[in-house]
Amino acid sequence: MLKIGITGGIGSGKSVVCRLFAALGAPVYDSDTRAKWVMTNDTRLRDELLAAFGPESFDALGHLNRTYLARVAFTDPAQLARLNALVHPAVGRDFAQWLSARQTEGHAYILKEAALLYESGAYQQLDQIITVFAPVAVRQARIQTRDPHRTADDIQNIIGKQMSEEEKIQRADHVVYNDDAHLLIPQALELHNAFRELAKK
Ligand SMILES: CC(C)(COP(=O)(O)OP(=O)(O)OC[C@H]1O[C@@H](n2cnc3c(N)ncnc32)[C@H](O)[C@@H]1O)[C@@H](O)C(=O)NCCC(=O)NCCS
Ligand SMILES: Nc1ncnc2c1ncn2[C@@H]1O[C@H](COP(=O)(O)OP(=O)(O)OP(=O)(O)O)[C@@H](O)[C@H]1O
């Protein structure tokens with residue numbers, strides 16, 4: 001079973017592309033979603049987050065205070081590094097459990113979606129990497145529509161904390177162009193068929 005990574009900057013369209021692969025039957029692990037799940041449900045990690053970032057990290061109902069953590073982490077590289085150092089290993093363990101459960105289901109390949117595949121080092125455990133590309137202006141417009149609470153500065157702040165699209169394109173095995181100038185479904189179908197063929201070897 002092939003392990004395929006899919007990455008791309010904020011708003012590039014990773015999740016949309018992953019939904020296409022899911023429609024074709026591929027299991028998808030969404031690191032962003034699972035990161036929030038482990039931050040809320042892994043008691044050891046919760047305690048570490050509370051110790052590192054204070055009681056504001058969670059609301060009275062025990063839900064992650066994402067706005068607070070985003071403000072702390074995305075405006076201070078040292079705090080972001082601290083958050084990543086706590087969260088990424090927990091996501092790595094969670095992914096390993098998810099992956100072992102997929103091994104016996106007969107899939108040709110699985111997808112691991114993560115904005116930070118290269119930055120977190122997670123790419124080293126994967127067979128091939130797809131990066132989803134969209135011009136920064138397209139990405140900013142998409143995020144301002146999807147996340148009205150994020151200002152242009154907020155988005156720029158996050159973009160500045162992620163590897164450049166150019167470097168991701170250089171390092172990736174495949175690029176999906178999600179720039180409003182290329183159709184997505186043919187690109188996903190072509191990769192789906194290529195991975196199925198590769199898995200037979
Ligand atoms: C700081 C948090 C709580 C903010 O949550 P919020 O819902 O506001 O933002 P969300 O998670 O949707 O992320 C917004 C955008 O920032 C990007 N992003 C998320 N974490 C990081 C990070 N550590 N470094 C750079 N970009 C990041 C995502 O790709 C996304 O495009 C959350 O991003 C977080 O816990 N990040 C640290 C854990 C992490 O690295 N997750 C990413 C995959 S493992
Ligand atoms: N080709 C497209 N045409 C129109 N809207 C799109 C297209 N691709 C993505 N979008 C929209 O842009 C927004 C960002 O897409 P998506 O959530 O897939 O990006 P992402 O890379 O997963 O972002 P993040 O890193 O923030 O999770 C979403 O609202 C999505 O519906």
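All figures in this text were calculated on a predicted structure; none of them were measured in a lab. We count ligands from 1, going down the list as the structure has it; atoms in each ligand are counted the same way.
Of the protein's heavy atoms, Asp32 OD2, 4.0 Å lies nearest to atom 30 (C) of ligand 1. In terms of protein heavy-atom proximity, atom 29 (O) of ligand 1 is closest to Ala115 CB, 2.9 Å. Among all protein heavy atoms, the one lying closest to atom 13 (C) of ligand 2 is Arg142 CB, 3.9 Å. Distance from atom 22 (O) of ligand 2 to its nearest protein heavy atom, with residue and atom name: Ser15 OG, 2.7 Å. In terms of protein heavy atoms, atom 20 (N) of ligand 1 is closest to Phe74 CZ, 4.0 Å. From the protein, the heavy atom lying nearest to atom 9 (O) of ligand 1 is Arg150 NH2, 3.1 Å. Counting only heavy atoms of the protein, atom 34 (C) of ligand 1 lies nearest to Leu83 CD2, 4.2 Å. Atom 21 (O) of ligand 2 has Lys14 NZ, 2.7 Å as its closest protein atom, hydrogens excluded (heavy atom only). Protein heavy atom at the shortest distance from atom 16 (O) of ligand 1 is Ile158 CG2, 3.4 Å. Residue, atom and distance of the protein heavy atom nearest to atom 1 (N) of ligand 2 are Asn178 OD1, 2.8 Å. Looking only at heavy atoms of the protein, atom 38 (C) of ligand 1 is closest to Val87 CG1, 3.8 Å. For atom 25 (C) of ligand 1, the closest non-hydrogen atom of the protein is Leu116 CD2, 3.6 Å.
Heavy-atom proximity to atom 3 (C) of ligand 1, evaluated over Leu69, Thr7, Ile143, is greatest for Leu69.
Remark: the backbone N or O of Met163 is paired with a side-chain donor or acceptor of Glu119 at under 3.5 angstrom. Between the Asp42 side chain and the Arg44 main chain, a donor and an acceptor come within less than 3.5 Å of each other. For the pair Asp147 (side chain) and Ile143 (backbone), a donor-acceptor distance under 3.5 Å is absent.
Note: an N/O pair closer than 3.5 Å links His88 and ligand 1 by distance alone. Annotation: Val16 places an N or O atom under 3.5 Å from an N or O atom of ligand 2; distance criterion only. Among the atoms of Asn84, some N or O lies under 3.5 angstrom from an N or O of ligand 1. Residue Gln162 has at least one nitrogen or oxygen atom sitting less than 3.5 Å from a nitrogen or oxygen atom of ligand 1, judged on distance alone. Residue Arg66 has at least one nitrogen or oxygen atom sitting less than 3.5 Å from a nitrogen or oxygen atom of ligand 1, judged on distance alone. For the pair Arg146 and ligand 2, the shortest N or O to N or O distance falls below 3.5 Å. At under 3.5 Å, not a single nitrogen or oxygen of Arg146, backbone or side chain, sits near a nitrogen or oxygen of ligand 1.
Listed by number with element, the atoms of ligand 2 under 4.0 angstrom from any heavy atom of Glu113 are 22 (O). Close approach of ligand 2 to Ile10 is summarised as follows: ligand atoms under 4.0 Å from at least one heavy atom of the residue are 25 (O), 26 (O). Listed by number with element, the atoms of ligand 2 under 4.0 angstrom from any heavy atom of Gly13 are 15 (O), 16 (P), 18 (O), 19 (O), 20 (P), 21 (O). Residue contact check: Gly9 has heavy atoms under 4.0 Å from atoms 21 (O) of ligand 2.
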Take Arg66 and Asp59, measure what salt bridge (charged side-chain N to carboxylate O under 4.0 Å, His left out) needs, and give me the verdict at the end. CA-CA 10 Å; Arg66 293 160 53 167; Asp59 67 17; over 6 Å; no

Begin from the C-alpha positions of Arg139 and Glu165 and carry the test side-chain contact (heavy atoms from CB on, under 4.5 Å) through to its verdict. CA-CA 11 Å; Arg139 291 162 54 202; Glu165 301 315 283; 3.3 Å; yes

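The environment of Glu190 atom CD is sparse: at most 12 non-hydrogen atoms of other residues, nucleotides or ligands sit within 6.0 angstrom. Around atom CG of Leu189, more than 12 heavy atoms belonging to other residues, nucleotides or ligands sit under 6.0 Å away.
Remark: Arg34 CZ to Gln97 CD distance equals 8.5 Å, nearest 0.5 Å.
In this structure, a donor-acceptor pair under 3.5 Å is absent between the side chains of Asp127 and Tyr109. A donor atom on one side chain and an acceptor atom on the other are not found under 3.5 Å apart for Gln187 and His182.
There is a protein heavy atom less than 4.0 angstrom from atom 14 (C) of ligand 1. The protein does not reach atom 4 (C) of ligand 2 closely, with no heavy atom under 4.0 angstrom from it.
Residue contacts with ligand 1: Met39 is included, with a non-hydrogen atom under 4.0 Å away. In this structure, Arg19 has no heavy atom closer than 4.0 Å to ligand 2. Within the 4.0 Å heavy-atom cutoff, Cys18 does not count among the residues contacting ligand 2. The shortest separation from a heavy atom of Gly11 to ligand 2 is under 4.0 Å, placing the residue in contact. By the 4.0 Å heavy-atom criterion, Lys36 is counted among the residues contacting ligand 1. The shortest separation from a heavy atom of Ser12 to ligand 2 is under 4.0 Å, placing the residue in contact.
Cation-pi check for Lys112 over Phe95 is met; the charged atom lies under 6.0 angstrom from the ring centroid and within 45 degrees of its normal.
With a 4.0 Å cut-off on non-hydrogen atoms, Asp180 touches ligand 2 through its side chain and not its backbone.
Contact record, Pro135 with Asp179: CD-CB, 3.5 Å, taken as the closest heavy-atom pair. Closest approach of Ala134 and Arg142 over heavy atoms only: CB-NH1, 3.5 Å.
Taking the six-membered ring where tryptophan is involved, the planes of Phe133 and Tyr177 are perpendicular, since the angle between them exceeds 60° and thus also 30°.
At least one side-chain heavy atom of Leu184 sits under 4.5 Å from a side-chain heavy atom of Val17. Counting heavy atoms from C-beta outward, Phe58 and Leu50 have side chains that approach closer than 4.5 Å. Side-chain contact between Tyr123 and Thr7 is absent, with no heavy-atom pair separated by less than 4.5 Å. A 4.5 Å side-chain heavy-atom check between Arg102 and Met1 finds at least one atom pair inside the cut-off.
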